[in-house]
Amino acid sequence: MKFYITGSTRGLGEYISNEFNCECFDRPDYDIATDVDNIVERIEPSSVVILNAHANQLEYVERLKNRCSLVVMGSIAAINFDPEMPEYSKEKWKLEKTVQHFSEHSKYPMLYLQLTSSSYRNYNVIVNSIKFWLDNPDVTFIGYNINE
């Protein structure tokens, strides 16, 4: 199985990329926000795409939902709006609802991870969640506690 990831130059994305030997879509080779067509073309059907980078997650979900399995990094901000980042919260809310809708009838499995700031720093828990989903593709949503 081939794995791809957006946003893998540091932190969680770098850890996930190493764990799953992902082909990475990062700068300077790609601009996640503007190279959508080029990136979508490069993704092999029936692969797994991990959407870690925030840019254009919704567009990638819509364009890839019938082509491959998706892991989408969401946020608790989708349900607990952050007043200091209202646009981010709105985008994550729409993303969460869209993934929930598509995952109910998708040809390929999808996983939405509703991350908190504390869970985002626990790389091993996130990787284990993805591994669990790979073995149990009927799971479509995993949320995490706030442990700060």
Trainee: Looking at residues at least two apart in the chain, or sitting in another chain, which of them share a ring-ring contact (aromatic ring centres under 6.0 Å, His included) with Phe20?
Mentor: Phe3
Trainee: Using 0.5 Å steps for rounding, measure from the CD1 atom of Ile126 to the CD1 atom of Ile16.
Mentor: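 Output value for this atom pair is 7.0 Å.
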Trainee: Nearest 0.5 angstrom please: Thr116 OG1 to Tyr144 OH, how far?
Mentor: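 Reported to 0.5 Å precision, the distance equals 9.0 Å.
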Trainee: Output the distance between atom CG (Leu113) and atom OG (Ser119), rounded to the nearest 0.5 Å.
Mentor: 8.5 Å
Trainee: Between Ser17 (side chain) and Gly13 (backbone), is there a donor-acceptor pair under 3.5 Å?
Mentor: no
Trainee: Taking side chain to side chain donor-acceptor pair (under 3.5 Å) as the definition, give me every residue that meets it alongside Glu23, ordered by chain and number, with sequence neighbours left out.
Mentor: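 Expected list: Lys2, Arg42.
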Trainee: Using the test side chain to side chain contact (heavy atoms under 4.5 Å, CB included), find all partners of His54 that sit at least two apart in sequence or belong to another chain.
Mentor: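 Residues passing side chain to side chain contact (heavy atoms under 4.5 Å, CB included) with His54: Gln57, Tyr88, Glu91, Lys92.
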Trainee: How far does NZ of Lys94 sit from OG of Ser89, to the nearest 0.5 angstrom?
Mentor: 15.0 Å
Trainee: Which pairs with one or both residues in residues 45-71 pass salt bridge (Lys or Arg N to Asp or Glu O under 4.0 Å), sequence neighbours excluded?
Mentor: Asp37-Arg63, Glu59-Arg63
Trainee: With sequence neighbours excluded, tell me which residues meet side chain to side chain donor-acceptor pair (under 3.5 Å) with Ser8.
Mentor: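 In terms of side chain to side chain donor-acceptor pair (under 3.5 Å), with neighbours along the sequence ignored, Ser8 is linked to Asp26.
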Trainee: When Ile, Leu, Val, Met, Phe, Trp and Tyr are grouped by side-chain heavy atoms lying under 4.5 Å apart, directly or through other members, which residues fall in the same group as Ile32?
Mentor: Tyr4, Phe25, Tyr30, Val36, Ile39, Val40, Ile43, Val49, Leu51, Leu58, Tyr60, Val61, Leu64, Leu70, Val72, Leu95, Val99, Phe102, Met110, Tyr112, Phe141
Trainee: Would you please name every residue forming a side chain to side chain donor-acceptor pair (under 3.5 Å) with Thr34, sequence neighbours left out?
Mentor: Asp31
Trainee: Rounded to the nearest 0.5 Å, what separation is found between the CG atom of Leu115 and the CG atom of Leu12?
Mentor: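 Here the rounded value is 7.0 Å.
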Trainee: Where is the tightest heavy-atom contact between Asn52 and Gly7, given as atom of each residue plus distance?
Mentor: ND2-O, 2.7 Å
Trainee: With sequence neighbours excluded, tell me which residues meet side chain to side chain contact (heavy atoms under 4.5 Å, CB included) with Asn136.
Mentor: Phe132, Val139
Trainee: Under the side chain to side chain donor-acceptor pair (under 3.5 Å) rule, collect the residues that match up with Asn128, sequence neighbours excluded.
Mentor: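 Residues passing side chain to side chain donor-acceptor pair (under 3.5 Å) with Asn128: none at all.
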Trainee: Only counting residues at least two apart or in another chain, list the ones meeting salt bridge (charged side-chain N to carboxylate O under 4.0 Å, His left out) with Lys131.
Mentor: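 In terms of salt bridge (charged side-chain N to carboxylate O under 4.0 Å, His left out), with neighbours along the sequence ignored, Lys131 is linked to Glu19.
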Trainee: Could you report the tightest heavy-atom contact between Ser69 and Tyr108, atom names first, then the distance?
Mentor: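 Closest approach of Ser69 to Tyr108: N-CB, 3.8 Å.
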Trainee: What's the shortest heavy-atom distance between Cys22 and Ile50, and which atoms?
Mentor: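 Result for this residue pair: SG-CD1, 4.3 Å.
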Trainee: For Asp29, enumerate each residue passing the salt bridge (charged side-chain N to carboxylate O under 4.0 Å, His left out) test, keeping only those at least two apart in sequence or located in another chain.
Mentor: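 Asp29: no salt bridge (charged side-chain N to carboxylate O under 4.0 Å, His left out) contacts found.
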Trainee: Extract all donor-acceptor atom pairs below 3.5 Å that involve side chains of residues 74-86 and protein atoms in other chains or at least two apart in sequence.
Mentor:
residue, atom, partner, partner atom, Å
Ser75, OG, Ala77, N, 3.0
Asp82, OD1, Glu84, N, 2.9

